Amino acid sequence: MDLGLTGKAVLVTGASRGIGAAIATGFAAEGCRVAVVARGEEGVTELTGQLQASGAEALPLVADLTEPDAAERVVRAAEEAFGQLDILVNNLGGGTTGDTDEAWLQTLDVNLLAAVRCCRAAIPGMKERRAGAILIVASISGWMVGGGMPSYNVAKAAEIMYARTLGRDLAPFGIRANTISPGSIMFPDGGWDRVQQRDPERIANFVERDMPRGSFGTPEEIADVAVFLCSDRASLITGADIHVDGCQLKPAVG
Ligand SMILES: NC(=O)c1ccc[n+]([C@@H]2O[C@H](COP(=O)([O-])OP(=O)(O)OC[C@H]3O[C@@H](n4cnc5c(N)ncnc54)[C@H](OP(=O)(O)O)[C@@H]3O)[C@@H](O)[C@H]2O)c1
C-alpha cells in the first residue's frame with residue numbers, strides 16, 4: 001500500500017527514544033521530513049543523525065514541553081524549517097505515582113496539557129491549508145482500570161476524549177485527530193525493561209497471565225499503526241481510539 005506520505009512535514013514529541021523514536025523513524029522511512037522533540041539534546045541529535053544518515057530530512061528540537069511557551073516554539077520551528085506542518089504526533093507522556101495535587105498536576109501536564117498546547121499551536125496552519133493529521137499516543141490505561149497510577153489513567157482518558165472532540169470539530173476543515181492506545185511496550189532502557197531487570201519473575205508472570213499472545217508489544221508495532229493513521233489511507237478514521245494491545249487483559253503488572 002502506498003501511504004502517500006512522501007515529503008509530508010511531521011513533528012513527533014517525546015521522540016528521542018522508545019515509542020516516539022520508532023514513530024519518527026517510521027515516518028522518515030516513508031519519505032517524510034521529521035522534527036524530533038525531547039529535553040535531552042544528546043538524544044534528539046543522535047536520532048536525527050541516524051535519520052539523516054538514512055537519507056531523511058530530520059530536525060532536532062530541544063524543549064521541555066511542560067513549559068507553557070515550549071509547544072508554540074517547537075511548532076513554529078518545525079513550520080519554519082519545513083514551510084508547514086502536515087502531521088503532529090503527541091507522543092510525550094508518562095505516569096507519576098502519588099496522590100498529591102502536585103503529582104496529579106504533573107501527570108496532567110506532561111500527558112494532556114503538553115498535547116493540548118501543541119495542538120493549539122499547530123491547528124491554525126492546518127486549518128489554513130484545510131488539511132492535517134493529529135495523533136495522540138494514549139494508553140490502554142485510558143479505558144482500563146489498574147496500574148496503581150490513577151492520575152495516569154485519568155490523563156490518558158482525557159487525551160482520548162480530547163482527540164474525539166478535535167475529530168468532530170476539525171473534520172469540516174479536512175483535519176483528522178485520533179488516539180492510539182498501546183498495550184505494554186518493551187524496549188531497552190524503557191520503563192518495562194527497568195522492571196524486568198529488577199524483577200524478571202514478575203514480568204514473566206505478567207506476560208503469562210495478561211498477554212494472550214505471550215509477549216510485550218514493540219515500539220515498531222505501535223509506529224506502523226501510527227504512521228498509517230496519519231496517512232490519507234486512513235481518511236475515514238477520525239475521533240477514534242485505536243487499540244494496539246494484543247488484547248492485553250490488564251494495563252500493568254499486578
Ligand atoms: N511504554 C509503554 O509500555 C507504554 C504503554 C502505553 C502507552 N505509552 C505511552 O506512549 C508514550 C511514549 O512512552 P515511552 O514509554 O516510549 O516513553 P519514554 O521511554 O518515557 O520516553 C519519553 C520520551 O519523551 C521525552 N520527554 C520526557 N519528558 C519530556 C518533556 N517534559 N518535554 C519533552 N520531551 C520529554 C524523553 O526524552 P528526554 O528525557 O530527553 O526529555 C523521551 O524521548 C507515552 O505517552 C506513554 O504514556 C507507553
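For ligands, and for the atoms within them, numbers begin at 1 and follow the listed sequence. No experiment lies behind these values; they were computed from the predicted model shown.
- Taking atom 32 (N) of ligand 1 as the reference point, the nearest protein heavy-atom neighbour is Leu65 N, 2.9 Å.
- By the 4.0 Å heavy-atom criterion, Ala21 is excluded from the residues contacting ligand 1.
- Side chains of Ile134 and Asn90 form a contact here, defined as non-hydrogen atoms less than 4.5 Å apart.
- If you look at Ala15 next to ligand 1, the close heavy atoms, those under 4.0 Å, all belong to the backbone.
- Of the charged side-chain nitrogens involved, none lies within less than 4.0 Å of a carboxylate oxygen, so that Glu80 and Arg76 do not count as a salt-bridged pair.
- Under a 4.0 Å heavy-atom criterion, Gly183 is in contact with ligand 1.
- With contacts defined as side-chain heavy-atom distances shorter than 4.5 Å, the pair Glu30/Val227 qualifies.
- The protein atom (non-hydrogen) at minimum distance from atom 40 (O) of ligand 1 is Gly40 N, 2.9 Å.
- Interface of Val137 with ligand 1, defined as ligand atoms under 4.0 Å from a residue heavy atom, comprises 9 (C), 10 (O), 11 (C), 45 (O).
- Looking at Asn111, Ile19, Val44 and measuring to atom 4 (C) of ligand 1, the nearest heavy atom belongs to Ile19.
- The proximity of Lys156 to ligand 1, defined as any non-hydrogen pair under 4.0 Å, is limited to the side chain.
- Of all protein heavy atoms, the one closest to atom 47 (O) of ligand 1 is Tyr152 OH, 2.6 Å.
- Scanning all protein heavy atoms for the shortest distance to atom 7 (C) of ligand 1 gives Ala138 O, 3.2 Å.
- Counting atoms of ligand 1 from 1 in the listed order, those under 4.0 Å from a heavy atom of Asp64 are 30 (C), 31 (N), 32 (N).
- The residue among Ile185, Thr107, Val62, Asp109 with a heavy atom at the shortest distance from atom 1 (N) of ligand 1 is Ile185.
- Side chains of Asp199 and Phe206 form no contact here, defined as non-hydrogen atoms less than 4.5 Å apart.
- At a threshold of 4.5 Å between non-hydrogen side-chain atoms, the residues Leu11 and Phe82 do not count as touching.
- The protein atom (non-hydrogen) at minimum distance from atom 37 (O) of ligand 1 is Ser16 OG, 3.2 Å.
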Contacts under 3.5 angstrom, residues 12-21 side chains, donor-acceptor by atom type, not counting sequence neighbours:
{"unit_1": "Thr13", "atom_1": "OG1", "unit_2": "Asn91", "atom_2": "N", "d": "3.0"}
{"unit_1": "Thr13", "atom_1": "OG1", "unit_2": "Leu92", "atom_2": "N", "d": "3.0"}

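- With hydrogens and angles disregarded, no donor-acceptor distance shorter than 3.5 Å links the side chain of Asn153 to the backbone of Gly142.
- Heavy atoms of Gly191 come nearer than 4.0 angstrom to ligand 1 in no pair at all.
- A pairwise comparison of heavy atoms in Val137 and Glu159 identifies O-OE1, 3.3 Å as the closest pair.
- Closest approach of Cys32 and Ala56 over heavy atoms only: O-CB, 4.4 Å.
- At the top of the distance list for atom 14 (P) of ligand 1, counting protein heavy atoms only, stands Phe187 CZ, 3.9 Å.
- In this structure, a donor-acceptor pair under 3.5 Å is present between the side chains of Asp241 and Ser181.
- For atom 45 (O) of ligand 1, the closest non-hydrogen atom on the protein side is Asn91 O, 2.7 Å.
- With salt bridges taken as basic N to acidic carboxylate O contacts below 4.0 Å, one links Asp109 and Arg117.
- Contact annotation for Ile140 and ligand 1: no heavy atom of the residue comes within less than 4.0 Å of the ligand.
- For atom 6 (C) of ligand 1, the closest heavy atom belonging to the protein is Pro182 O, 3.4 Å.
- Of all the atoms in ligand 1, the ones that sit under 4.0 Å from a non-hydrogen atom of Gly18 are 16 (O).
- The closest approach between a heavy atom of Ser184 and any atom of ligand 1 is below 4.0 Å.
- Taking all heavy atoms of Glu42, Glu159, Gln248, Arg39 into account, the minimum distance to atom 27 (C) of ligand 1 is reached by Arg39.
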